[in-house]
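Reminder, nothing fancy here: chain letters follow the sequence lines and each chain counts from 1.
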Amino acid sequence: MLDITLPDGSKREVEQGTSPFDVAESISKSLAKRSILARVNGELWDVKRPFEGDSTLELLDIKSPEALDLVRHDAAHVLAQAVQELFPDTQVTIGPVIDDGFFYDFARKEGFSTDDFAAIEKKMNEIIDADLPINREVWAKDDAIAHFKKIGEKYKAQIIDDIIPPGEDITLYSHADQWSDLCRGPHLPSTGKLPKAFKLMKLAGAYWRGDSNNEMLQRIYGTAWANEKDLKAHLMRLEEAEKRDHRKLGNALDLFHLQDAAQGQVFWHPKGWTLYRVLMDYMRRVQDRYGYREIKTPQLMDRSFWEKSGHWGKYRENMFISSIDQEDKVLAVKPMNCPCHVQVFNHGQKSYRDLPLRLAEFGSCHRYEPSGALHGLMRVRAFTQDDAHIFCTEDQITDEVKRFCDMLREVYAALGFDDVTVKFSDRPETRVGSDEVWDKAENSLRVAAEASGLEVVYNPGDGAFYGPKLDFVVKDAIGREWQTGTIQADFNLPERLDAEYVGEDGAKHRPAMLHRAIFGSFERFLGILIENVAGAFPMWLAPVQVVIATIMQDADDYALEAAAELRKAGLRVEVDLRNEKINYKVREHSHQKVPIIAVVGRQEMDDRTLALRRFGDAKGRPEVVELAACCEKLRAEAAPPDLRET
RNA sequence: GCCGCAGUAGCUCAGUGGUAGAGCGCGUCAUUGGUAAUGACGAGGUCGGGAGUUCAAUUCUCCCUUGCGGCACCA
């Protein structure tokens with residue numbers, strides 16, 4: 001007999017071979033029906049799997065958070081069965097749970113098409129309707145391998161062979177006697193328990209085991225939820241995210257465009273470029289304040305230079321190369337600014353008194369990114385970094401990193417990103433530099449990260465070969481995370497490019513070098529920013545801050561005069577004198593997400609006022625302000641965060 | 001780069017083996033209207049590029065190109 005302890009502390013004696021389901025049934029039929037998963041001695045457990053000794057037992061229903069993973073996992077299995085029934089020449093591989101759903105990777109000569117989804121979903125529903133019992137079976141490793149080989153599932157056989165230690169048993173889960181798959185479990189007691197709240201979403205290629213040297217499998221993505229309401233809510237969220245897509249907004253708000261002839265490069269339109277400039281001006285002021293010296297370095301450098309820096313050897317494939325007919329020279333377009341910055345450092349003799357030297361550049365870089373990697377502004381081939389390199393002594397690293405963290409927090413807060421975490425990555429296996437130097441640098445970065453007040457996540461072994469690093473991750477308005485800023489120590493480049501300074505002792509020393517960026521690239525950061533605010537920029541960033549819209553033509557002169565006054569106050573103003581109704585104009589500029597629409601009609605003209613309507617505040621009555629006061633008020637509202645008076 | 005899907009007017013999209021259509025936008029005219037679409041008329045397309053099949057291709061086939069969704073990559 002076994003002792004089973006329930007969550008309320010009560011105990012039951014049951015016979016060997018009893019399962020959580022049996023216990024549930026002995027309590028009530030409805031409980032047994034509801035229970036789709038158990039927790040036995042703290043471990044998730046199939047409800048039909050017999051206890052293996054005295055146990056604590058908790059029964060879980062579909063509403064429990066653990067159940068959602070189960071649902072998604074079972075959805076993946078039902079998908080796999082459906083696919084194999086419809087397409088018998090298909091082999092299964094793996095099918096894990098992911099955020100919001102699941103996927104399953106299949107191997108099949110002919111491709112699937114999204115047109116097949118309807119049939120597959122139909123078949124999945126049939127499998128659910130058939131309510132096939134899901135059984136757990138324990139197999140010996142070698143038997144399982146032989147079994148999968150025999151039925152032609154070579155991927156499954158390979159997985160077992162690779163990941164299961166010799167002698168260890170494995171578990172298979174079968175849907176009645178129709179279908180079975182290698183799986184750790186647990187699973188639902190039967191296919192009928194799977195809620196019909198799933199949807200197949202995407203079809204994609206995926207390399208076997210994530211290695212591009214391997215064959216490509218076909219991955220089917222699906223989403224699955226505990227009920228239809230949650231599914232609908234999820235689909236709604238996807239639609240909302242789509243509306244924020246910076247590529248759509250970039251077009252709708254006339255910020256930029258991309259075109260075939262310049263793959264991966266951006267054509268910034270007046271409004272988008274205004275945004276870019278405002279951001280750059282802001283960063284320039286902040287940089288100046290934090291003690292950076294701005295520089296500008298060449299776009300093209302001779303091949304031999306890149307050979308010396310080591311980039312030619314390591315990144316040649318991703319570099320754009322240029323040559324000229326008259327000369328037998330190969331130049332490379334710079335993929336990064338650091339080697340150029342070392343040249344500025346190296347020019348003339350540097351003393352320890354010059355350190356730390358912070359060289360900043362809005363450096364325009366080009367990288368040949370694989371075509372499949374390009375994505376709107378987020379991944380481009382030509383971009384501008386808010387790049388800087390700090391040359392300092394090893395002892396100065398901690399202070400410099402702290403200073404950088406302060407600056408980064410200030411900038412992110414100004415742009416509306418308050419949720420920031422920092423990832424600390426230390427020495428990888430293959431690296432340059434002595435362990436003593438790594439110790440010192442890692443320690444400096446760690447201390448600075450911990451002092452920053454940001455949440456620190458540790459990433460052991462994930463540093464660059466040339467030094468440890470901190471990466472900064474911001475969370476946006478709809479909860480997505482973006483890696484943006486970074487600061488990295490580098491022991492390699494100063495060595496390769498012979499950077500040195502004269503120390504207090506009169507001898508020559510290698511400086512430490514820190515690479516750092518806050519935005520990363522303007523292009524990408526603007527993409528993130530556009531999506532974060534969904535195109536509705538705060539006043540200081542808005543490409544057009546005020547539109548003056550007239551109601552009738554008699555007000556034209558006054559509208560132009562008011563615009564001139566507002567522009568004198570430094571505001572970005574447009575005037576809409578078109579022969580259209582005010583409703584039409586308000587609608588259009590609201591769609592353009594202009595922060596302030598100033599309406600001008602007979603009344604305002606006579607009183608020399610403006611009637612202000614703010615974006616997102618449609619219900620409130622217009623605020624009527626005298627023109628001179630309005631200039632002052634809006635000037636204050638439009639001030640960048642670092643120039644605000646309060 | 002790899003797998004799948006797509007490219008039709010400035011934008012969003014419909015459509016067909018017999019050389020194209022809507023809405024919005026744009027232009028002209030009328031209307032001078034008080035906070036999310038005034039009306040009428042008009043212009044606008046080598047149906048991504050090339051080749052093939054066909055009497056005939058925007059439509060079918062192949063190649064290229066670009067984009068989209070993933071995978072791989074991201075100094």
Any-strand Watson-Crick or G-U partner of [N], both distances under 3.5 Å:
N     : value
B/G67 : B/C5
B/C47 : none
B/C24 : B/G10
B/U35 : none
B/C74 : none
B/U16 : none

OP1 or OP2 of [N] sitting under 4.0 Å from any side-chain N/O of [X]?
X      : N     : result
A/R602 : B/G34 : no
A/K314 : B/A75 : no
A/R621 : B/G34 : no
A/Y221 : B/C3  : no
A/Q263 : B/U66 : yes
A/H375 : B/G67 : no

Distance between [atom1] atoms of [N] and [M] (Å, rounded):
N     : M     : atom1 : value
B/A36 : B/A40 : C1'   : 24 Å
B/U32 : B/G39 : P     : 15 Å
B/G25 : B/G52 : P     : 43 Å
B/G33 : B/C26 : C1'   : 22 Å
B/G21 : B/G45 : P     : 13 Å
B/C13 : B/C63 : P     : 27 Å
B/U35 : B/A30 : C1'   : 24 Å

A/T297/A/E361 under side chain to side chain donor-acceptor pair (under 3.5 Å): CA gap, chis, key distance, verdict: CA-CA 8 Å; A/T297 61; A/E361 175 173 9; 2.8 Å; yes
So what does [X] touch, heavy atoms closer than 4.0 Å: a base, only the sugar-phosphate, or nothing?
X      : value
A/E604 : base
A/R613 : base
A/E580 : base
A/A261 : nothing
A/T114 : nothing
A/A206 : sugar-phosphate
A/Y466 : sugar-phosphate
A/G111 : nothing
A/I582 : sugar-phosphate
A/G210 : sugar-phosphate
A/E369 : nothing
A/Y584 : sugar-phosphate

Closest to side chain of [X], choosing from [options]:
X      : options             : result
A/K202 : B/G1, B/U35, B/G69  : B/G69
A/V586 : B/A36, B/U32, B/A75 : B/A36
A/Q488 : B/A75, B/G33, B/A72 : B/A75
A/M336 : B/A75, B/C5, B/A36  : B/A75
A/N251 : B/C11, B/G69, B/U66 : B/C11
A/K581 : B/A75, B/A36, B/U38 : B/U38
A/D260 : B/A36, B/C71, B/U66 : B/U66
A/Q603 : B/G34, B/A75, B/G69 : B/G34
A/P370 : B/G1, B/U32, B/G70  : B/G1

Any side-chain donor paired with an acceptor under 3.5 Å for [X] and [Y]?
X      : Y      : value
A/K475 : A/T421 : no
A/R496 : A/Y466 : no
A/H515 : A/Q488 : no
A/E153 : A/Q84  : yes

Residue whose closest nucleotide on RNA chain B lies nearer the 5' end, A/S212 versus A/S113: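 So the residue in question is A/S113.
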Residue met sooner reading RNA chain B from 5', once A/A464 and A/R587 are mapped to nucleotides: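 Nearer the 5' end of the strand: A/R587.
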Is it the case that the base of [N] and the side chain of [X] share a donor-acceptor contact (distance under 3.5 Å, atom types as modelled)?
X      : N     : answer
A/Y207 : B/G1  : yes
A/R209 : B/C71 : no
A/R219 : B/C71 : no

Which whole-number value in Å describes the distance from [X] [atom1] to [N] [atom2]?
X      : N     : atom1 : atom2 : value
A/R379 : B/C71 : CZ    : C1'   : 13 Å
A/D490 : B/A75 : CG    : P     : 13 Å
A/L217 : B/G70 : CG    : P     : 18 Å
A/L238 : B/C68 : CG    : P     : 18 Å
A/Q259 : B/G7  : CD    : C1'   : 15 Å
A/H311 : B/C74 : NE2   : P     : 14 Å
A/D211 : B/C73 : CG    : P     : 8 Å
A/H246 : B/G67 : NE2   : P     : 13 Å

Under 3.5 Å: donor-acceptor pair, side chain of A/E307, backbone of A/W312: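 No, A/E307 side chain to A/W312 backbone: no donor-acceptor pair under 3.5 Å.
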Check: A/Y368 main-chain N/O paired with A/R381 side-chain donor or acceptor under 3.5 Å: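 Checked: no pair found.
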Heavy atoms from other residues, nucleotides or ligands near NZ of A/K296 exceed 12 (cutoff 6.0 Å):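 Atom NZ in A/K296 is packed in, count exceeds 12.
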Neighbour count >12 (heavy atoms, 6.0 Å) for atom CD, A/E110: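 It does: A/E110 CD has more than 12 such atoms within range.
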A/F525 and A/I518, any side-chain heavy atoms less than 4.5 Å apart: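 They are not in contact (no side-chain heavy atoms under 4.5 Å apart), so the answer is no.
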